[in-house]
Amino acid sequence: MPELPEVEVLRRSLEPHLVGDRIVRVEVRNPALREPVETARLRRGAAGRDVVALRRRSKYLLIDLAGGRTVAVHLGMSGRLTLAAGEAPLEPHEHVAFHLRSGRRLRLRDPRRFGLVLALETAAIEADPHFAHLGVEPLEAGFSGEVLARAAAGRRGPVKAFLMDARVVVGVGNIYASESLFRAGVHPVRSVARIAAARWDRIADSVVAVLRQAIAQGGTTLNDFADGEGRSGYFQVSLAAYDREGEPCLACGGPVRRLVQAGRSTYYCPRCQR
DNA sequence: CGTAGACCCTGCGCGC
DNA sequence: TGCGCGCAGGGTCTAC
């Protein structure tokens, strides 16, 4: 489910409902996520605290709480974080729930359990091992083709893996790496050593455009989010390349191809991407 | 140092 | 209809 746009859409939709509310109780039904949930630490860091802000870093949703604490949630591959009425029946795989003073509960459902729930000190987030290595935010000032070119200097390997390397730029996952390279007209297998400055600019611009468009489309389909059922339009985001093997390229009409890089599917147009 | 592959886990869709 | 297989948007670790 979640790459940067999905987490950002989630942040924006939850923010008005959560800020000002208070976490009164933390329920950990199954701590066996990608890293074990530290239940006692999470309770200490979250229970009885007001929500003061919702932020995002990379694919982490950051729930800032009073007293300088933050709960960081990573959705992994299959995680969904939704607001529900307090008495709403348990969902399958509802591993963690934050019960709120308003009577609702913020619940994490994650069948594959690749997600994370971390209790952090707000001031120490950037020093935490989950965050310390992270690169630039693609939707913030400071991201540019020049930054990519500099990070690529002296490196080799396919540009698709490079774009998905969170040490370089965060938030670009398997879907939007394909989408960005399609938009930029750059072949996913091309070595980063063979990309000139102008192409890096084009790649950076495409990453920004693709992420922004996905956020805009996600936002328009989330009107029913507040009802707490967690339905959303993530799948309605229009994709030009991803999962379109054999279908016509939207630019030239030729068939979109699929290949496997580092065990992940890549979709591209061999005629439009060089 | 960089990269490819295995692995973590469950669910779903497809072909037979 | 049932079943086995491959594949799935995340990241990390190990072996080369």
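Keep in mind that what you see is a predicted model, and the values were worked out from it rather than measured.
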In this structure, how many angstroms lie between the [atom2] atom of [N] and the [atom1] atom of [X], rounded?
{"X": "Gln261(A)", "N": "dG9(C)", "atom1": "CD", "atom2": "C1'", "value": "16 Å"}
{"X": "Glu8(A)", "N": "dG9(C)", "atom1": "CD", "atom2": "C1'", "value": "17 Å"}
{"X": "Leu239(A)", "N": "dA8(C)", "atom1": "CG", "atom2": "C1'", "value": "14 Å"}
{"X": "Ile175(A)", "N": "dC7(C)", "atom1": "CD1", "atom2": "P", "value": "17 Å"}
{"X": "Met77(A)", "N": "dC7(B)", "atom1": "CE", "atom2": "P", "value": "16 Å"}
{"X": "Arg112(A)", "N": "dG11(C)", "atom1": "CZ", "atom2": "P", "value": "13 Å"}
{"X": "Glu91(A)", "N": "dT10(B)", "atom1": "CD", "atom2": "P", "value": "17 Å"}
{"X": "Leu33(A)", "N": "dT12(C)", "atom1": "CG", "atom2": "P", "value": "15 Å"}

[X] side chain to [Y] main-chain N or O, any donor-acceptor pair under 3.5 Å?
{"X": "Arg41(A)", "Y": "Ala119(A)", "answer": "yes"}
{"X": "Asp50(A)", "Y": "Val52(A)", "answer": "no"}
{"X": "Arg202(A)", "Y": "Ser206(A)", "answer": "no"}
{"X": "Glu3(A)", "Y": "Ile175(A)", "answer": "yes"}

Which nucleotide sits closest to the side chain of [X]: [options]?
{"X": "Arg113(A)", "options": "dT10(B), dA8(C), dG11(C)", "result": "dT10(B)"}
{"X": "Pro111(A)", "options": "dG10(C), dT10(B), dC7(C)", "result": "dT10(B)"}
{"X": "His93(A)", "options": "dT10(B), dG9(C), dG10(C)", "result": "dT10(B)"}
{"X": "His133(A)", "options": "dT12(C), dC7(C), dT10(B)", "result": "dT12(C)"}
{"X": "Arg155(A)", "options": "dA8(C), dG2(B), dG9(C)", "result": "dG2(B)"}

**Item:** Under 3.5 Å on both distances, the Watson-Crick or G-U partner of dA4(B)
**Value:**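 Its partner is dT14(C).
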
**Request:** Any strand is fair game: report the nucleotide pairing with dA8(C) by Watson-Crick or G-U wobble, both distances under 3.5 Å, or none.
**Result:**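 Base partner found: dT10(B).
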
**Asked** Mind checking the P distance from dC1(B) to dG11(C)? Whole angstroms is fine.
**Response**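 The same atom, P, in both gives a distance of 22 Å.
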
**Request:** Considering only atom P, compute the distance from dC7(C) to dG5(B) and round it to an integer number of Å.
**Result:**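 Their P atoms lie roughly 14 Å apart.
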
**Request:** Looking at every strand, decide which applies to Arg34(A) at a 4.0 Å heavy-atom threshold: base, sugar-phosphate, or nothing.
**Result:**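 Base: the residue Arg34(A), judged by heavy atoms under 4.0 Å, touches a nucleobase.
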
**Face-to-face stacking of Phe114(A) with dC8(B), centres under 5.5 angstrom, angle under 30°** =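 Aromatic stack with dC8(B) present for Phe114(A).
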
**Request:** Is it possible for you to say whether Leu120(A) and Ile23(A) belong to one hydrophobic cluster, with membership spreading through side-chain heavy-atom contacts below 4.5 Å?
**Result:**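 Per the 4.5 Å side-chain linkage, Leu120(A) and Ile23(A) are not co-clustered.
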
**Prompt:** dC7(C) phosphate, OP1 or OP2: any side-chain N/O from Arg264(A) under 4.0 angstrom?
**Reply:**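 No, Arg264(A) has no side-chain N/O under 4.0 Å of OP1/OP2 on dC7(C).
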
**Prompt:** So does Ser265(A) get a side-chain nitrogen or oxygen closer than 4.0 Å to the phosphate oxygens (OP1/OP2) of dC7(C)?
**Reply:**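 For dC7(C), OP1/OP2 do not have a side-chain N/O of Ser265(A) under 4.0 Å.
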
**Prompt:** Pick one: which of Val172(A), Val169(A), Ile215(A), Val9(A) meets side chain to side chain contact (heavy atoms under 4.5 Å, CB included) with Leu4(A)?
**Reply:**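 The single option meeting the side chain to side chain contact (heavy atoms under 4.5 Å, CB included) with Leu4(A) is Ile215(A).
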
